[in-house]
Colleague: 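So that we are looking at the same thing, I have put the structure below in structure tokens.
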Amino acid sequence: MNDAKPLAGVRIAVTRALHQAPPFEALIREWGGIPVPYPCIAIEPSPDPRQLADCLRRVQEFDWLLLTSGNTVRAIAECLAGLGIALPNYGIRIGAAGPATAEKAQRLLSCGIHHAPAEYGAAPLARSLPLGANSRILLPQSDRAAESTAEALRSRGASVTSVVAYRTVMGEGGVGLPAQIAAGEIDALSFTSPSAVAFFRRRCPMAEARELPALCIGTATAAAAHAHGFQRVICPAQPTLLNMLAALADCFASTAAKS
């Protein structure tokens, strides 16, 4: 395999939402790979946007606002724009689940980040957040988000207000992936959320898909891939897009060395 392009010619199905896919597709090309678009999730507004708007109107009542994804940041930014509210004016502390989410918050919300865990993700954020007595936390998330983050915070004595910021639904469009898999034209699948795994299985239920390398951004996504029967799950130590590709390259290099 070409050292300068460690994924040269590798065809990778990209299941991210359409608005999130371009940076990952560009990164795949930098590594010499070929991104194959197959969006398995799409992001829609909350079924009741008034809930998030009400929480943001009284954001000064909370000690922390936790941001667990870039989609959360985008939903909050759109809601704040509609309300005419500038988040930095309220002095609330912001926790972000990782550097990509933090960067998006700084760009779209014009706010600094007061805490981010050394290990990226919502669970590490909940474990490491510096809490005071009866800390009040606003936790906007997807309608499909697990309750585990809120439960972990409550177990530490925090008062948590969970609110649906957006809906995660099944995506559509992209290439005719089942036919390409059947023809042996896909080398790996990529997933950046448990929802993407679940919706992929609905869009592409063929058994052959589960035999392909399933590249997962983090442990929660990897657990979903295992639960859905994928046999070759690859997960980097740190959940970033760059580390995903490095893990895939390492896997292919190891396989080539053994053959």
Side-chain angles (χ1 to χ4, degrees), residues 20 43 46 51-80 83 85-166 168 192-195 216-224 235-244:
Q20 293 179 302
I43 304 303
S46 166
Q51 294 181 1
L52 179 61
D54 177 65
C55 288
L56 292 176
R57 284 192 188 96
R58 52 188 181 87
V59 71
Q60 70 278 4
E61 298 177 10
F62 298 95
D63 300 301
W64 285 95
L65 169 62
L66 299 192
L67 306 173
T68 57
S69 73
N71 287 321
T72 300
V73 175
R74 192 173 92 162
I76 291 172
E78 291 173 354
C79 186
L80 288 172
L83 295 172
I85 293 174
L87 199 58
N89 294 342
Y90 290 89
I92 189 172
R93 288 173 289 178
I94 310 293
T101 302
E103 184 279 330
K104 196 160 190 174
Q106 291 164 341
R107 178 164 47 87
L108 296 184
L109 303 178
S110 301
C111 61
I113 302 301
H114 300 85
H115 180 75
E119 180 186 353
Y120 310 153
L125 177 61
R127 290 195 300 266
S128 64
L129 192 72
L131 297 177
N134 301 313
S135 290
R136 299 159 301 175
I137 297 174
L138 176 58
L139 180 63
Q141 291 181 292
S142 164
D143 64 325
R144 293 177 61 88
E147 286 292 320
S148 54
T149 302
E151 290 171 356
L153 291 162
R154 292 185 181 114
S155 72
R156 298 181 58 206
S159 172
V160 182
T161 298
S162 296
V163 60
V164 173
Y166 60 94
T168 303
T192 56
S193 71
S195 296
C216 298
I217 195 167
T219 54
T221 304
C235 182
Q238 281 280 35
T240 68
L241 299 177
L242 182 63
N243 287 342
M244 286 176 71

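Quantities reported herein were computed from a predicted structural model and do not represent experimental measurements.
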Colleague: Test of understanding: with side chain to side chain donor-acceptor pair (under 3.5 Å), list the residues that count as partners of S46, not counting sequence neighbours.
Modeller: none
Colleague: Restricting to side-chain contact (heavy atoms from CB on, under 4.5 Å), what partner residues turn up for T192, sequence neighbours left out?
Modeller: R16, I217, L241, M244
Colleague: Q141 pairs by side chain to side chain contact (heavy atoms under 4.5 Å, CB included) with which of L66, V164, V163, T149?
Modeller: T149
Colleague: To the nearest 0.5 angstrom, please state how far the CG atom of L131 sits from the CG atom of L153.
Modeller: 6.5 Å
Colleague: What residues, two or more places apart in sequence or in another chain, satisfy side-chain contact (heavy atoms from CB on, under 4.5 Å) together with A220?
Modeller: P194
Colleague: Could you work out, with side-chain contact (heavy atoms from CB on, under 4.5 Å) as the rule, every residue matching T161, not counting sequence neighbours?
Modeller: C55, F62, L138
Colleague: Identify, with sequence neighbours excluded, every residue that meets side chain to side chain donor-acceptor pair (under 3.5 Å) alongside S162.
Modeller: none
Colleague: Report yes if the side chains of Y166 and C79 come closer than 4.5 Å at any heavy-atom pair, otherwise no.
Modeller: no
Colleague: In residues 86-104, what donor-acceptor pairs under 3.5 Å come from side-chain atoms, sequence neighbours left out?
Modeller:
| residue | atom | partner | partner atom | Å |
| --- | --- | --- | --- | --- |
| E103 | OE2 | R107 | NE | 3.1 |

Colleague: Which atoms form the tightest heavy-atom contact between S135 and G132, and what is the distance?
Modeller: OG-N, 2.7 Å
Colleague: Can you run down the salt bridge (Lys or Arg N to Asp or Glu O under 4.0 Å) pairs that involve residues 152-162, sequence neighbours left out, and say none if there aren't any?
Modeller: none
Colleague: Going through the checks in order, is the side-chain hydrogen bond (donor to acceptor under 3.5 Å, both in side chains) test met by R144 and T168?
Modeller: CA-CA 7 Å; R144 293 177 61 88; T168 303; 5.8 Å; no
Colleague: Can you list the residues that meet the side chain to side chain donor-acceptor pair (under 3.5 Å) rule with S128, with sequence neighbours excluded?
Modeller: H115
Colleague: Please list all pairs meeting salt bridge (Lys or Arg N to Asp or Glu O under 4.0 Å) that have one or both residues in residues 112-132, counting only residues at least two apart or in different chains.
Modeller: E119-R127
Colleague: If you measure from CG on N243 to OH on Y120, what distance do you get to the nearest 0.5 Å?
Modeller: 8.0 Å
Colleague: Show the nearest heavy-atom pair for residues A53 and L83, with the distance to one decimal.
Modeller: O-CD1, 3.8 Å
Colleague: Tell me, please, which residues at least two apart from S193 pass side chain to side chain donor-acceptor pair (under 3.5 Å).
Modeller: none
Colleague: Report the distance from atom CD1 of I43 to atom OG of S69, rounding to the nearest 0.5 Å.
Modeller: 7.5 Å
Colleague: Taking side-chain contact (heavy atoms from CB on, under 4.5 Å) as the definition, give me every residue that meets it alongside A105, ordered by chain and number, with sequence neighbours left out.
Modeller: L67, V73, L109, C111, I113
Colleague: Could you give all pairs that pass the salt bridge (Lys or Arg N to Asp or Glu O under 4.0 Å) test and reach residues 57-67, with sequence neighbours left out?
Modeller: D54-R58, R58-E61, D63-R136
Colleague: What I'd like to find out is whether the side chain of P140 reaches to under 4.5 Å of the side chain of L65, using heavy atoms alone.
Modeller: yes
